[in-house]
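These notes concern the structure reproduced below.
Given the structure is predicted, the values throughout are model-derived calculations rather than measurements. Count residues from 1 along the sequence.
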Amino acid sequence: MKNQNPFDLAGLVAVVLTGTTLFAQSGARQETLRRTGEPRRDVAQSCALADEGDHLFGFGRDYAARFDARGLEFTPALGAAAPQTQRLRFTLESIVHGKTPFALEPAVAPQREGRYARYPRSADVTERYEVRADGVEQSFVFARLPGSGELVVRGRLATELAASVDGDGVAFLAPGLGGVAFGGVLGIDALGRTAKGSLRVVDGMLELRLPGSFVDGAALPLVLDPLIGTRRDVNNAATDDSAVDVAFDATSYTDLFVWERSFSANEVHVYGRTYARLTGAYGAEFLIAGGANVRCTTAAVANHNPSDRFVVVWAESLGLFGTSKLYLRPISATGTVGASTQVPVTGGSSNYEPDLSGNPAASVGSGDTGVIVWEELGAGIRALRYTLGATISAVGFGSIVAVTANAHTKRPRISRSSESRLAVVFEERPGSFTGVGVRALTRAGAIEGNGSLRINIGVGPDLVRPDVDGDGNDFMVVWERRSALADGDIWCGMFGWNGVGIVLAGNVDAPVAATAGVDERDPVVVHAGAKYVTAWTKVVGFLDSVIAGRALALTGCQSCGDEFIAPPARSSEQAAALASERSGGVLDGTITMIGYESTGPAPGFSGDICGALFSNFGGGSAVPVASGCGPTVDLVTLSLPSIGNPAFGFRVTHAQPGALFTGLSIGFGGSALSCGTCSILLPDVLTPVAMAGGNGQIPLALPCQASLMGAVFETQALVLGAVVGSCPLVPELATSSRLRITLGE
């Protein structure tokens, strides 16, 4: 038996557990990060219609639609394989019932009603469009029919796509890519009776027809109803939705996903969608950036906890070869979109690959500030402080600083979990090989320290795609170590601030995932409170990959559990993004959101955006194995018994203010002494518990040591000085239940 100060208890228990095999469990270990019970979420699967002032804007899974006084403009998302964006405009020209024309208002602004865009053409006719996930449902609602015979709706078409018959409908296609499909015409009367109609294209006009035999006997109102949607050809190797990023807000407990949707090589939009973790509900998708022949790419999102706002930054250019500028847009935690603001970059060069820090602080303090970093073409890495104002759209900027001043640095990433000092990492290729650079910034956007720390610069193999996070004093950097074209590994380095600059702090160039012959690439990392969490793309077969990951200790790049696999969706998962609770303002957060792209197996390879919640701790247990005796003594665990959990410990409660001694007994062999009705654990460690108001706590911070997973010990609270005891040998003894603790991940 050992008497031990409670502040030394964690270290002693770790030492004893490491050396004992008396009570160890066997069997396969569990995944490092446990599912929370939430299913995988398909993020980019909704539709929306928004009022943009002079027009209505709608979208679904693979299209965008504009509704203005000229009518409908439908834009199919054909993906990056399409050399240019294709559009189709439909403008209503006439409606005729037999030989009797309808009197129509030709230029009517659309009215928004939920997901419907309505054009009141007359008292008798309403042209209507419903925005759906799979397309736009066009319909014409007739309150009165003035003539007799066939009902014909004619609309003028404007498109470069070639028309062809497509079953009962008409398709407008770009060879090998796809285009726009009008489904078959259906007539529906007020009694639910239906009749098929027909479509044809004549001299640039689309005609939608219903037979007079149905129309003349129809109960009013009568609806003429085709569906307009995107059609893909099987050899279209496009990716619709890709390049996801995600951030978390602690106050609202909400994630914001942002991603790209490719309409062509020349047109890419950025969309967003919130996810409420408490209810499991998604908000409506909304457009963040995009327009005709505008490429909005490499969007990044971060949270500002003081004002419960997200901020999105992206690079924007006119077409594939236009000068790339940067824009920033605040978004509330409820999905209200503020105005976009151009980032005041200098010079006429293109600017690429932006990233931003956000702000996890609990309050505004001197200002709700963040830092944007980006690559200026031919000039190096730049940084700029921004400050959020009182309104959702208010943004101010500081002065641009040069993080690096040479053209061979690119693709910067900045930490998001620190309230104070920030770290920026980037690729640097001064010669034949690429290495990693690390530099410190203040939250005010100023360079801090005596220069960059560089790893493997010009030596080889190539170190690419670094990412970083940390608490302001210590930072973890992960990168892809590319030994061959199809053989990448994930490596890690620890860095710290020594008061003068960024220095190595423990392991550097340590393997995280280095499976021989397996391509592991595109790593990301977040500070998750008690651990770091990193994820990457792991190639497991031809055109087949998964999102893998691992929890790591706060120091030393040490594994804090086994590799996990994110839940698969389709054929190939890739391009992970992570949002920890700490980056959104929860210092001891235990949940991490993983966003990723899932690509279909068939030619076409359209991408979906998925998300999954994981607990950073799991698999441990605390199970009563024997009842207590004497006056009631309660013993409960604090937090989860998982390696790397600094919040783990025990709370003792009893109503015996005159007790001579309260202690916590810990035993590793499971041996107990029977005395009357008492089962008393024989301790390897016995430590006093300081009681106040009938409660006392003993912290037992568990180290991030993979060998401890599955280790078992027992614990029991003992009280001497009880009014009535149940053990004849020690009449004044009372005990709690004995708990068997199994350590998880």
Side-chain angles (χ1 to χ4, degrees), residues 47-49 55-77 86-97 102 104-122 124-143 150-159 161 163 165-173 179-189 194-202 204-210 214-215 218 221-231:
C47 55
L49 180 65
H55 68 282
L56 303 181
F57 177 81
F59 61 87
R61 284 193 299 260
D62 53 10
Y63 73 90
R66 176 188 174 100
F67 306 95
D68 55 30
R70 296 170 56 199
L72 162 70
E73 182 181 76
F74 187 92
T75 305
Q86 299 291 344
R87 309 180 198 281
L88 181 145
R89 180 171 281 279
F90 177 92
T91 303
L92 182 64
E93 288 276 328
S94 66
I95 303 176
V96 178
H97 184 200
F102 284 75
L104 304 175
E105 291 290 340
V108 177
Q111 301 170 357
R112 177 176 173 267
E113 292 183 359
R115 290 189 298 160
Y116 285 89
R118 298 177 66 257
Y119 292 86
R121 296 299 184 182
S122 72
D124 300 331
V125 182
T126 299
E127 181 182 2
R128 187 175 66 179
Y129 297 90
E130 181 188 6
V131 173
R132 298 176 12 176
D134 56 347
V136 172
E137 186 169 12
Q138 181 188 49
S139 58
F140 295 85
V141 183
F142 298 91
E150 188 179 36
L151 183 63
V152 182
V153 176
R154 292 184 177 92
R156 184 162 299 281
L157 298 170
T159 185
L161 298 167
V165 176
D166 187 30
D168 292 333
V170 176
F172 300 85
L173 303 175
V180 183
F182 278 74
V185 172
L186 186 68
I188 309 169
D189 76 357
T194 62
K196 279 189 176 183
S198 61
L199 292 92
R200 67 174 185 171
V201 178
V202 180
M205 302 283 284
L206 179 67
E207 296 183 351
L208 300 86
R209 296 173 174 266
L210 281 178
F214 173 75
V215 173
L222 172 67
V223 179
L224 184 153
D225 191 10
L227 176 69
I228 308 168
T230 296
R231 201 190 101 170

Using atom types as modelled and distance alone, determine if a side-chain donor or acceptor of Thr91 lies under 3.5 Å from a backbone N or O of Arg70. yes
Is the distance between the ring centroids of Tyr63 and Phe74 under 6.0 Å? yes
Without swapping roles, check the side chain of Tyr119 against the backbone of Ala109 for a donor-acceptor pair under 3.5 Å. no
Option passing side chain to side chain contact (heavy atoms under 4.5 Å, CB included) with Val131 (candidates Phe57, Phe59, Phe67): Phe67
Quick check for you: to the nearest 0.5 Å, what is the distance between Glu150 atom CD and Ser198 atom OG? 6.5 Å
With a 6.0 Å cut-off on the ring centroids, do Phe142 and Phe102 count as close? yes
So do Leu49 and Arg112 actually touch side chain to side chain, heavy atoms under 4.5 Å? yes
Show, in sequence, the C-alpha distance, side-chain angles and deciding distance for Phe140 and Thr126, and conclude whether the side-chain contact (heavy atoms from CB on, under 4.5 Å) test is met. CA-CA 6 Å; Phe140 295 85; Thr126 299; over 6 Å; no
Return yes if some donor-acceptor pair links the side-chain N/O of Arg121 with the main-chain N/O of Pro106 below 3.5 Å, else return no. yes
If you look at every heavy atom in Leu199 and Gly183, which pair is closest and at what distance? CD1-O, 3.4 Å
Test your reading of the model: is there a side-chain donor-acceptor pair from Arg128 to the backbone of Gln138, 3.5 Å cut-off? no
List the steps, then state whether side-chain contact (heavy atoms from CB on, under 4.5 Å) holds for Ile95 with Leu151. CA-CA 7 Å; Ile95 303 176; Leu151 183 63; 4.1 Å; yes
Run the salt-bridge test on Arg89 and Asp68 with the 4.0 Å N-O cut-off and return the result as yes or no. yes
For Ala65 against Val136, the heavy-atom pair lying closest together: CB-CG2, 4.1 Å
Testing the basics here: between Val223 and Ser139, what is the closest heavy-atom pair and its distance to 0.1 Å? CG1-CB, 3.8 Å
Here the pair of heavy atoms bringing Pro110 nearest to Ala69 is CD-N, 4.2 Å
If you take all heavy atoms of Asp225 and Glu137, which pair is closest and at what distance? OD2-OE2, 2.5 Å
Using a 3.5 Å distance criterion without hydrogens, assess whether the side chain of Thr159 forms a donor-acceptor pair with backbone atoms of Arg87. yes
Identify whether the distance between the nearest side-chain nitrogen and carboxylate oxygen of Arg154 and Glu93 falls below 4.0 Å. no
Is the gap between the ring centers of Tyr129 and Tyr116 under 6.0 Å? no
